[in-house]
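Accompanying notes for the structure given below.
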Protein chains: 2
Amino acid sequence: MGTGVSETRRPARPAAFPALPRERVERAPFANVTGRTVCIRRDAEIYCEGSHATHIFKVISGAVRTCKAMQDGRRQIGEFVLPGDVFGWDGIESHFYTAEALADTVLVSYPRRAIEDATRYDQVAARSLRLMMLDSLSAAQRRMLLLARKTAVERVATFLLEMHERTSREPGEVHLPMTRNDIADHLGLTLETVSRVLSGLKQKGAITLHGAHIIRVANRQILSKISGEDGP
Amino acid sequence: MGTGVSETRRPARPAAFPALPRERVERAPFANVTGRTVCIRRDAEIYCEGSHATHIFKVISGAVRTCKAMQDGRRQIGEFVLPGDVFGWDGIESHFYTAEALADTVLVSYPRRAIEDATRYDQVAARSLRLMMLDSLSAAQRRMLLLARKTAVERVATFLLEMHERTSREPGEVHLPMTRNDIADHLGLTLETVSRVLSGLKQKGAITLHGAHIIRVANRQILSKISGEDGP
DNA sequence: CGATCAGTTGACTAATTTCAACTTCAGTGG
DNA sequence: CCACTGAAGTTGAAATTAGTCAACTGATCG
């Protein structure tokens with residue numbers, strides 16, 4: 001595992017991160033800890049499965065996927081990390097996932113050690129750290145239900161609604177920075193199934209497709225009903 | 001372990017928890033917090049999905065399942081909690097899962113609030129609480145890989161090896177206090193598939209069956225290879 | 001402007017579920 | 001004490017879902 005597995009476009013690209021200084025100081029969201037700004041190229045690895053887990057990261061712009069591969073190549077994507085989100089808590093000593101940039105991405109990295117130290121005297125930080133972990137756990141639990149018991153259509157509908165919640169641009173518009181293959185590996189399906197299900201949802205009038213990476217939710221009711229969530 | 005409590009039949013039962021006082025004081029595993037001992041009958045509910053999450057619990061004897069149901073009856077079991085394990089962190093405000101006793105069970109309950117307060121001045125407690133959460137997260141991540149990408153045989157083999165690790169009685173003997181249906185809902189399969197796969201593993205010489213709830217691992221090599229884990 | 005890779009669609013296959021019959025087992029209750 | 005009872009478990013055949021293989025389309029980059 002862990003060779004350069006690129007997923008979308010792979011040709012050499014020129015300038016990126018236009019006006020961003022390569023190093024900058026950012027406040028951690030939860031503690032009085034200074035972080036270091038890092039710029040990552042699309043498809044570049046941020047950390048590797050099994051490597052020593054020394055830092056956590058906050059996404060400023062771009063997007064990240066955390067993924068795990070089996071020896072025979074089967075792959076699972078743990079989560080898509082979007083701007084504002086934090087990742088890197090996958091494992092106690094060493095990382096369970098590999099983290100890769102879905103697009104050119106700017107992150108801030110914080111040493112775990114420093115964060116843990118900071119929580120020693122900062123109760124607010126300690127609490128928000130705990131909440132962050134409990135949030136990850138909740139997300140994992142919802143995901144396990146999806147993977148264990150939902151059908152392909154339900155999984156895709158749930159995913160679209162989740163992405164819609166998380167990215168909220170123009171109302172109804174969902175931007176998917178990842179490939180169909182990434183979505184499939186996130187939902188425990190194949191890329192063909194994802195593609196077919198999206199076509200089916202379009203047929204039903206639940207969504208419209210505008211290129212491969214922009215989807216508009218035409219009928220949130222239908223989508224929500226299809227997703228199998230408890231919602232009204 | 002070894003409570004001699006009946007595990008699978010459900011007719012009305014008389015005396016249980018023979019010599020245990022109904023209330024006893026126990027130390028939390030991670031903090032200077034006192035807990036209350038509680039005895040639960042088989043199939044009784046400990047807390048309900050959606051209820052306010054005020055306490056966490058440590059299992060002393062017996063076993064617990066945490067499960068989530070969809071409206072149409074599909075069910076998923078989040079985890080089987082065995083003696084020594086802690087549960088109740090499923091959700092920030094309210095519980096994501098319902099927790100039920102798999103057998104007559106003795107627990108100790110601790111108020112979340114008290115634990116959080118205790119970590120304020122006890123750094124060791126704070127750290128072990130964080131580790132406990134990270135552990136749950138790791139378990140969830142392994143489980144997501146299993147649910148997203150493993151075949152039925154791989155899931156069952158992985159489950160058996162995990163239970164073997166966790167219960168380690170006589171070498172090679174695994175005690176399964178839950179029904180096939182419970183196992184199926186834990187692994188995202190049907191009870192028939194679980195049954196078939198177990199028969200298949202027996203055929204292959206990987207395991208032997210001694211009644212429905214005791215399994216001996218006859219060939220750990222085979223089982224490990226089948227499980228699809230990275231192991232040698 | 002053509003090479004390449006993402007995405008879509010179709011036909012077929014494989015894995016798992018569903019439905020159904022049958023067996024086993026533990027705990028009564030006669 | 002032992003036959004009865006009902007749930008749990010096993011097994012088989014048919015049905016269904018999603019996966020695999022393959023052809024084709026379309027977009028993007030050099």
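Convention: sequence-line order gives letters A, B, ...; per-chain numbering from 1.
Between the CD1 atom of B:Ile214 and the P atom of C:dC25 there is a distance of 13 Å, rounded to whole Å. Separating the CD atom of B:Gln203 from the P atom of D:dT10 is a distance of 13 Å, rounded to the nearest angstrom. Spacing between atom CG of A:Leu189 and atom P of C:dT16 amounts to 14 Å, rounded to whole angstrom units. Across the protein-nucleic acid pair, A:Arg74 atom CZ and C:dA15 atom P stand 12 Å apart, rounded to whole Å. Between A:Leu187 atom CG and D:dA18 atom P there is a gap of 12 Å when expressed in whole angstrom units. We find that CD1 of B:Ile215 is positioned 12 Å from C1' of D:dG9, with the value rounded to whole Å. Rounded to whole Å, atom C1' of D:dT11 lies 13 Å from atom CG of B:Leu198. For B:Arg180 and C:dC25, the CZ to C1' distance is 13 Å, given to the nearest whole Å.
Residues passing the side chain to side chain donor-acceptor pair (under 3.5 Å) test with A:Arg142, sequence neighbours excluded: none.
The side chain of A:Thr193 approaches D:dA18 more closely than any other nucleotide in the set D:dT10, C:dT8, D:dA18. Relative to the side chain of B:Glu192, the nucleotides C:dT17, C:dT8, C:dT18 differ in distance, and C:dT18 lies closest. Between D:dT20, C:dT8, D:dA8, one nucleotide has an atom nearer to the side chain of A:Thr190 than all others, and that is D:dT20.
When heavy atoms are screened at a 4.0 angstrom cut-off, A:Gly200 is found touching no nucleic acid atom at all. Across all strands, A:Leu191 comes closer than 4.0 Å to base atoms (heavy-atom distances).
The shortest distance between the side-chain N/O atoms of B:His213 and the OP1/OP2 oxygens of D:dA8 is not below 4.0 Å. Contact annotation: B:Arg196 side-chain N/O to D:dT10 OP1/OP2 distance is not under 4.0 Å.
Using cut-offs of 30° and 60° on the angle between ring planes, the pair B:Phe80 and B:His186 is tilted.
One finds no salt bridge joining A:Asp72 and B:Arg149 here, because no Lys/Arg side-chain nitrogen approaches an Asp/Glu carboxylate oxygen to under 4.0 Å. The pair A:Lys68-A:Glu100 does not count as a salt bridge, with every side-chain nitrogen at least 4.0 angstrom from each carboxylate oxygen. Salt bridge A:Glu192/A:Arg196: absent, no basic N to carboxylate O contact under 4.0 Å. Ion pairing between B:Asp85 and B:Lys58 fails under the 4.0 Å rule for side-chain N and carboxylate O.
Residues from residues 140-159 of chain B lying near DNA chain C, meaning a heavy-atom separation below 4.0 Å, are B:Thr151, B:Ala152 in numerical order.
For the pair A:Asp185 (side chain) and A:Ile77 (backbone), a donor-acceptor distance under 3.5 Å is absent.
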